[in-house]
Amino acid sequence: NLLHREPESCRQIRLDTPVLSNEDFAKIRHVHRPGFKSMTIPIFFPAEEGAEGLRKALDGLCEAADRVIKKGHNILILSDRGVDKENAAIPALLAVSCLHHHLIRQGTRTKVSILLESGEPREVHHYALLLGYGVSAVNPYLAFETLDDMIQQGLLRGVTHAKAVKNYIKA
């Protein structure tokens with residue numbers, strides 16, 4: 001069970017693992033429990049703007065987080081879904097660490113959890129760094145899409161999507 005109800009004063013969402021399947025991540029994104037309110041904030045910028053666009057996007061990320069926290073959201077989901085040839089992703093670790101330290105300076109870090117939906121993390125070290133810089137959970141959607149492609153191409157025989165995802169998360 002992904003959600004666990006705590007006494008009124010210390011509500012928490014308890015996770016068995018910090019790496020979440022698409023299905024478990026969707027449960028958190030659409031959580032309908034008192035005391036929890038999530039908001040997705042995109043982490044990409046116009047590719048043609050280069051380094052200046054990246055800097056502006058990081059400033060915008062911090063401003064967006066401040067706005068949604070003021071509106072009562074306490075689960076911030078940073079997402080690079082939507083990246084295309086015009087929009088480049090802010091590197092996940094940069095986005096997470098920038099937001100984490102901004103929220104510390106604002107005095108609001110303890111009010112929110114930061115989750116990441118990204119195609120970037122693949123290796124154990126990636127997850128370790130993200131967790132170390134303040135992410136509570138990661139949904140590596142591209143890794144799961146890659147597993148699905150491998151199953152369809154016959155590279156992973158006799159393995160279902162659910163089993164492949166479970167094995168990836170366990171590993």
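In what follows, residues are counted from 1 in the order of the sequence shown. Just so it is clear, the structure is predicted and the values come from calculations on it, not from any experiment.
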Enquirer: Are Val68 and Val31 connected in the hydrophobic side-chain network, where two residues link if heavy atoms are under 4.5 Å apart?
Expert: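 Different clusters: Val68 never reaches Val31 through Ile, Leu, Val, Met, Phe, Trp or Tyr contacts under 4.5 Å.
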
Enquirer: Quick one: salt bridge (charged side-chain N to carboxylate O under 4.0 Å, His left out) pairs with a partner in residues 152-171, sequence neighbours left out?
Expert: none

Enquirer: Would you please name every residue forming a ring pair (Phe, Tyr, Trp, His ring centres under 6.0 Å) with Tyr127, sequence neighbours left out?
Expert: none

Enquirer: Among residues at least two apart in sequence or on other chains, which ones pass side chain to side chain contact (heavy atoms under 4.5 Å, CB included) with Ser21?
Expert: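 Ser21 satisfies side chain to side chain contact (heavy atoms under 4.5 Å, CB included) with Glu23, Asp24, Val165, Ile169 only.
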
Enquirer: Do Val135 and Val124 sit in one hydrophobic cluster, given that two such residues count as connected whenever their side-chain heavy atoms are within less than 4.5 Å of each other, even indirectly?
Expert: no

Enquirer: For a 4.5 angstrom cut-off between non-hydrogen side-chain atoms, does Ile90 reach Leu54?
Expert: yes

Enquirer: Could you state the interatomic distance from CG (Leu15) to NZ (Lys27), rounded to the nearest 0.5 Å?
Expert: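 Result: 11.0 Å between the selected atoms.
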
Enquirer: Are the side chains of Asn139 and Ile28 in touch, meaning some heavy atoms are under 4.5 Å apart?
Expert: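 The answer is no, as the side chains (C-beta and beyond) never meet within the 4.5 Å cut-off.
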
Enquirer: Can you get from Leu131 to Leu129 by hopping between Ile, Leu, Val, Met, Phe, Trp and Tyr side chains that sit under 4.5 Å apart?
Expert: no

Enquirer: Report whether Val138 and Phe25 are members of the same hydrophobic cluster (ILVMFWY, side-chain heavy atoms less than 4.5 Å apart, transitive linking).
Expert: no

Enquirer: Applying side chain to side chain contact (heavy atoms under 4.5 Å, CB included), can you list everything that pairs with Ile69, at least two apart in sequence or on another chain?
Expert: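 Side chain to side chain contact (heavy atoms under 4.5 Å, CB included) list for Ile69, sorted by chain: Leu76, Leu103, Thr108, Val112.
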
Enquirer: Going from CG on Leu61 to CG on Leu94, what distance comes out if it is rounded to the nearest 0.5 angstrom?
Expert: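 These two atoms lie 9.5 Å from each other.
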
Enquirer: Can you list the residues that meet the side chain to side chain contact (heavy atoms under 4.5 Å, CB included) rule with Lys37, with sequence neighbours excluded?
Expert: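 Lys37: side chain to side chain contact (heavy atoms under 4.5 Å, CB included) contacts with His73, Asn74.
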
Enquirer: Please list, chain by chain and in numerical order, all residues satisfying side chain to side chain contact (heavy atoms under 4.5 Å, CB included) with Ala92, sequence neighbours excluded.
Expert: Leu116, Ser118, Glu120, Leu130

Enquirer: Do the side chains of Ile77 and Leu58 join up, straight or via other hydrophobic residues, at under 4.5 Å, putting them in one cluster?
Expert: no

Enquirer: Write out all pairs satisfying side-chain hydrogen bond (donor to acceptor under 3.5 Å, both in side chains) with one or both partners inside residues 82-103, taking only residues at least two apart or from two chains.
Expert: Asp66-His102, Asp84-Asn87, His100-Arg109

Enquirer: Rounded to the nearest 0.5 Å, what separation is found between the CG atom of Leu20 and the CG atom of Leu115?
Expert: 7.0 Å

Enquirer: Which ILVMFWY residues are connected to Tyr141, directly or by a chain of links, through side-chain heavy atoms under 4.5 Å apart?
Expert: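 Its cluster mates, by chain and number, are Leu142.
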
Enquirer: If you take all heavy atoms of Ser79 and Thr40, which pair is closest and at what distance?
Expert: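 Looking at all heavy atoms of both residues, the shortest contact is CB-CG2, 3.7 Å.
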
Enquirer: Working to the nearest 0.5 Å, report the span between CD1 of Ile104 and CG of Leu99.
Expert: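 The distance works out to 10.0 Å.
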
Enquirer: Out of curiosity, Ile43 CD1 to Leu78 CG, how far, rounded to the nearest 0.5 Å?
Expert: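 Output value for this atom pair is 5.5 Å.
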
Enquirer: If I compare all heavy atoms of Ala164 with all of Ile151, which pair ends up nearest, and what's the gap?
Expert: CB-CD1, 4.0 Å

Enquirer: Answer yes or no: does atom OH of Tyr133 have more than 12 heavy-atom neighbours from other residues, nucleotides or ligands under 6.0 Å?
Expert: no

Enquirer: Just so I know, are the side chains of Ile13 and Ile75 near enough to count as touching, which here means a heavy-atom distance under 4.5 Å?
Expert: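 Yes, side chains in contact.
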
Enquirer: Identify, with sequence neighbours excluded, every residue that meets salt bridge (Lys or Arg N to Asp or Glu O under 4.0 Å) alongside Arg29.
Expert: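 Per chain and number, Arg29 pairs via salt bridge (Lys or Arg N to Asp or Glu O under 4.0 Å) with Glu117.
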
Enquirer: Would you please name every residue forming a side chain to side chain donor-acceptor pair (under 3.5 Å) with Glu52, sequence neighbours left out?
Expert: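 Testing Glu52 for side chain to side chain donor-acceptor pair (under 3.5 Å), a comparison that skips the adjacent residues, returns Arg55.
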
Enquirer: Provide the closest heavy-atom pair for Tyr168 versus Pro140 in the form atom of the first, atom of the second, distance.
Expert: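 Minimum heavy-atom separation between Tyr168 and Pro140: CE2-CG, 4.0 Å.
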
Enquirer: Could you work out the complete set of other residues in the hydrophobic cluster of Val83, with links drawn between I, L, V, M, F, W and Y side chains under 4.5 Å apart?
Expert: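 Under the 4.5 Å side-chain rule, Val83 groups with Phe44.
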
Enquirer: Any salt bridge (charged side-chain N to carboxylate O under 4.0 Å, His left out) involving residues 135-149? Give me the pairs, sequence neighbours left out, ordered by first then second residue.
Expert: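 Applying salt bridge (charged side-chain N to carboxylate O under 4.0 Å, His left out) to every pair that reaches into residues 135-149, excluding sequence neighbours, yields Arg81-Glu145.
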
Enquirer: Shortest non-hydrogen contact from Pro18 to Ser136?
Expert: CB-O, 3.9 Å

